[in-house]
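Keep in mind that this is a model prediction, so the values were computed, not measured.
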Amino acid sequence: MNHSACRLFLAFTLVFALSVQPFAQYKNGFEKERMDTSCKPCDDFYKYINGTWLKNTPIPDSEPRWGSFNILNDNNRKVLKEILEAAAANKKSKPGSNEQMIGSMYASCMDEAVIEKQGYKPIQPLLTRIAKINDVNNLPTEISYLHSVGVPALFNFGAQPDAKNSTTNLAGISQGGLTLPNKEYYTKTDEKSKELRVKFVQHMTNMFKLIGEDEAKAKTSADAVMRIQMKLADASLAPVELRNPNNRYNKKTVKELSELAPNFNFNAYFVGRGAISFNDINVAQPKFIGAVNGLLKEIPLEDWKTYLRWQVVRSSANTLSSAFVNEAFNFNGKVLNGTKEQQPRWRRCVQAVDQGLGDALGQVYVAKTFPPESKARMDKLIDNLVAAFRERIKTLDWMSETTKQAALTKLNAFGRKIGYPDKWKDYSTVKIDRKSYFENDLKVAQFAIKRNLARINQPVDRSEWGMTPPTVNAYYTPLMNEIAFPAGILQPPFFNPEADDAINYGAIGAVIGHELSHGFDDQGSQFDEKGNLRMWWTPEDRKKFEARADCIVQQFNSYKVEEGLYQNGKLVLGESIGDLGGLTMAYYAFKKSLEGKPRPANIDGFTPEQRFFIGWAQVWATNARPEFERTQTLTDPHPLGRFRGNGPLSNFAPFAAAFNCQKGDPMVREGEKLCVIW
Ligand SMILES: [Zn+2]
């Protein structure tokens, strides 16, 4: 899927059960019992609105964090479970029908007896293939084969829209091959980073032992993988560097790519992939490919084979027996995220079907849960948000007419997707049965991989979605200049048909505004109305925009996560511009919606304007484990919930006015510290 889609929220793991009162039951869309009124709204609004809920709501043991997104996800999973259990129980469904496929995949995943008996047998053919490699010159063909069965190694290859000609897909190759979340996990030298690497090597050692290596061999193997990944990490770009779309775009001919890496036979690789022939390819990070070329000569063949073995084991672990699943959880769940126990098997299986056969499952999900009226109501809300954005752009005092016209052209061209795809994916070529979960998982992976490769040099299919319908999230894709809202997020507390407009504008309204604002954030603003990477700003306006953006960088750099760890302002810039812009647009859209109508009454003592901000702060309520917060801070372009809740409000004068906050209050930024863009 497209790397540069900007999501509302980055989900690391699945979700879990705890009976928490769903927001739908709050009669006004908010509940005073959630609040902590001992905290003043102008001191810490997030705590004022959510404090009692935060204090009384433990994180389930199977979760790294718990908040509105998770609770909704949890509810969605329960609906999906019912669908999948019914489909699995019907053994007479028509072969090849959606019901048969999702039911069989779920049943195979739930069949732990068979999975246990298989141990790691399913990956033995791959391990044998790797053992037989006897020449470094055969690596391209073998890596090609591994990529075609979904095992990542060294780099990524696939089709993506050409960022400078976004109606056509281009072949693309980018940095890859690491296991830890990003380059910095390998290169940082602080104690916690070093300690994590020691644990990672231990984790690899444990996995190698599970495939039959003795202690000494397993340790040597783990060290070899670490040496290779440290070198790949050195050659990789860091997350902040990758935010610049120009650091991801370098169109070359296949011949130029081959000259860049003469030690790696790319022709053999492409032939192995069965990709159609093509002349042009986006070499996202040429320096990385150059470094790989050097490593091919430098690293002994036996070490490469060990590295590939690791890539096979770790990418398959969750489909193998419990020894593998548990070891993967020990590292990915416990060490990286602080999660105490695994999710029940059924939740992992629901997730697997959603990931592999999302459109087949999604069709049943939306028929069951998504009323057509919701689509119409969202359409109207989006219209209102776009109208508010249009007005704001026209009144900006820092932007020239020329840039304003270009910004309006872009805004008017935004595409939108609501609920679910108009055209569902056809999985009829995939044969799913109840025999082997590993095989099913492999088949759906291959389906997705082949489908992607077939797009090279083909027109971009604009009907394609980047998320499945039950997903509790939303996104903007700069390459299509399009916003999307899956059915899964169109529920309380984001979208509450029972609540008044104020709460809805503060929640889903701000979510819509957030996605629209991504079209104008540090990355999105470099793409034009057609989704092409093209500078449409005048140089003077761009400078002013960057100075305003830098104010937000400084603001988030000052937010302390834990001792010695702060938010990385440059990493979270796009999301934070999205939040500030989204909040602003939603507020003005809400005010406009009140024009010509009698003023809505106060509810529980809160004015309509105050309720708008309550709607905003509620969606960010999150409890998270320290390990998870650390991982999120180091890897995720989204700031922590508490900073998302308060950060934008402290820059927004109507918030201070609504709660009568004064200069000097913690929720009021002023002077040079006050950040305003839109
Ligand atoms: Zn976002």
Side-chain angles (χ1 to χ4, degrees), residues 1 7-9 11-20 22-24 60 62-63 66-91 93 97-112 318-319 325 342-371 374-375 417-421 424-425 427 430 432 434 437 440-441 443-445 447-448 465-475 484-495:
M1 210 42 61
R7 302 170 164 209
L8 182 66
F9 160 94
F12 277 91
T13 53
L14 311 184
V15 189
F16 315 118
L18 184 82
S19 69
V20 179
F23 285 85
S62 58
E63 289 307 299
W66 195 246
S68 322
F69 288 88
N70 309 87
I71 295 167
L72 271 200
N73 235 319
D74 190 37
N75 294 338
N76 286 354
R77 298 295 164 215
K78 286 175 191 153
V79 176
L80 296 175
K81 181 187 183 213
E82 277 174 29
I83 294 170
L84 289 169
E85 283 180 344
N90 180 4
K91 295 192 176 157
S93 49
S97 64
N98 283 340
E99 188 187 16
Q100 181 271 320
M101 282 192 286
I102 60 176
S104 298
M105 179 142 182
Y106 185 70
S108 69
C109 178
M110 290 300 288
D111 194 346
E112 287 182 274
N318 286 328
T319 57
V325 175
Q342 286 195 64
Q343 293 161 5
R345 181 132 196 121
W346 71 263
R347 285 178 198 271
R348 288 179 267 142
C349 292
V350 163
Q351 178 82 0
V353 183
D354 182 42
Q355 258 170 20
L357 298 167
D359 277 22
L361 179 56
Q363 278 181 59
V364 192
Y365 171 82
V366 297
K368 230 180 146 157
T369 61
F370 191 66
S374 295
K375 206 162 181 165
K417 289 191 165 107
I418 303 168
Y420 53 90
W424 297 98
K425 271 180 210 159
Y427 297 105
V430 193
I432 302 290
R434 290 171 185 247
Y437 174 46
N440 286 340
D441 189 67
K443 284 179 200 161
V444 297
F447 171 79
W465 277 68
M467 285 177 183
T468 66
T471 309
V472 184
N473 213 330
Y475 65 89
F485 306 91
I489 198 171
L490 302 178
Q491 305 178 56
F494 297 95
F495 180 69

> Can you find a heavy atom in the side chain of Val364 that is under 4.5 Å from one in the side chain of Asn98?
Replying inline: no
>> The criterion is side chain to side chain donor-acceptor pair (under 3.5 Å); which residues satisfy it with Lys417, sequence neighbours excluded?
In response: Glu482
> Can you check side chain to side chain contact (heavy atoms under 4.5 Å, CB included) on Ile432 and Ile102, steps first, answer last?
Replying inline: CA-CA 8 Å; Ile432 302 290; Ile102 60 176; over 6 Å; no
>> Show the nearest heavy-atom pair for residues Ala352 and Tyr437, with the distance to one decimal.
In response: CB-OH, 3.2 Å
>> Holding to side chain to side chain donor-acceptor pair (under 3.5 Å), I want the full list of residues that pass it with Ser104, two or more places apart in sequence or in another chain.
In response: Gln100
> Do you know the tightest heavy-atom contact between Pro469 and Gly362?
Replying inline: CG-CA, 3.8 Å
> At their closest point, which heavy atom of Tyr427 faces which heavy atom of Leu357, and how far apart are they?
Replying inline: OH-C, 3.4 Å
>> Under 3.5 Å, is there a donor on one side chain and an acceptor on the other for Thr319 and Asp441?
In response: no
> Looking at Tyr420, does the NZ or CZ of Lys375 lie under 6.0 angstrom from its six-membered ring centre and within 45 degrees of the ring axis?
Replying inline: yes
> How far does OH of Tyr475 sit from CH2 of Trp465, to the nearest 0.5 angstrom?
Replying inline: 6.0 Å
> Taking it one step at a time, do Val325 and Arg348 satisfy side chain to side chain contact (heavy atoms under 4.5 Å, CB included)?
Replying inline: CA-CA 11 Å; Val325 175; Arg348 288 179 267 142; 3.4 Å; yes
> Which distance, rounded to the nearest 0.5 Å, do you find between the OG1 of Thr369 and the CG of Asn75?
Replying inline: 11.5 Å
>> Run Phe69 and Phe494 through ring pair (Phe, Tyr, Trp, His ring centres under 6.0 Å) and show every step you take.
In response: CA-CA 9 Å; Phe69 288 88; Phe494 297 95; 5.0 Å; yes
> Taking it one step at a time, do Ile83 and Leu361 satisfy side chain to side chain contact (heavy atoms under 4.5 Å, CB included)?
Replying inline: CA-CA 8 Å; Ile83 294 170; Leu361 179 56; 3.9 Å; yes
> Taking all atoms of both residues into account, what is the closest heavy-atom pair of Val366 and Gln363, and its distance?
Replying inline: CG2-O, 3.5 Å
>> For a quick test of reading the model, state the closest non-hydrogen atom pair linking Leu72 to Pro492 and the distance between them.
In response: CD2-O, 3.1 Å
> Less than 4.5 Å apart, any side-chain heavy atom of Ile71 and any of Trp66?
Replying inline: yes
> Can you find a pair of side-chain heavy atoms, one from Leu84 and one from Cys349, that are under 4.5 Å apart?
Replying inline: no
> Mind checking whether Met101 and Asn440 have side chains closer than 4.5 Å, heavy atoms only?
Replying inline: no
> Do the side chains of Asp74 and Arg347 get nearer than 4.5 Å, heavy atoms only?
Replying inline: yes
> Looking at CZ of Arg434 and SG of Cys109, how far apart are the two atoms once the value is rounded to the nearest 0.5 Å?
Replying inline: 13.0 Å
>> Can you tell me how far apart CD (Glu85) and CE (Met110) are? Round to the nearest 0.5 Å.
In response: 7.0 Å
>> Applying side chain to side chain donor-acceptor pair (under 3.5 Å), can you list everything that pairs with Asn76, at least two apart in sequence or on another chain?
In response: Tyr365, Gln491
> Distance from Asn73 atom CG to Ser68 atom OG, nearest 0.5 Å?
Replying inline: 11.5 Å
> Could you state the interatomic distance from OG (Ser374) to CD1 (Ile418), rounded to the nearest 0.5 Å?
Replying inline: 10.0 Å
>> Within the 4.5 Å heavy-atom criterion, are Arg77 and Asp354 side-chain neighbours or not?
In response: yes
> Taking side chain as C-beta onward, heavy atoms only, is Thr468 less than 4.5 Å from Pro486?
Replying inline: no
> What is the minimum heavy-atom distance between Leu490 and Gly419, and which atoms define it?
Replying inline: CD1-N, 4.5 Å
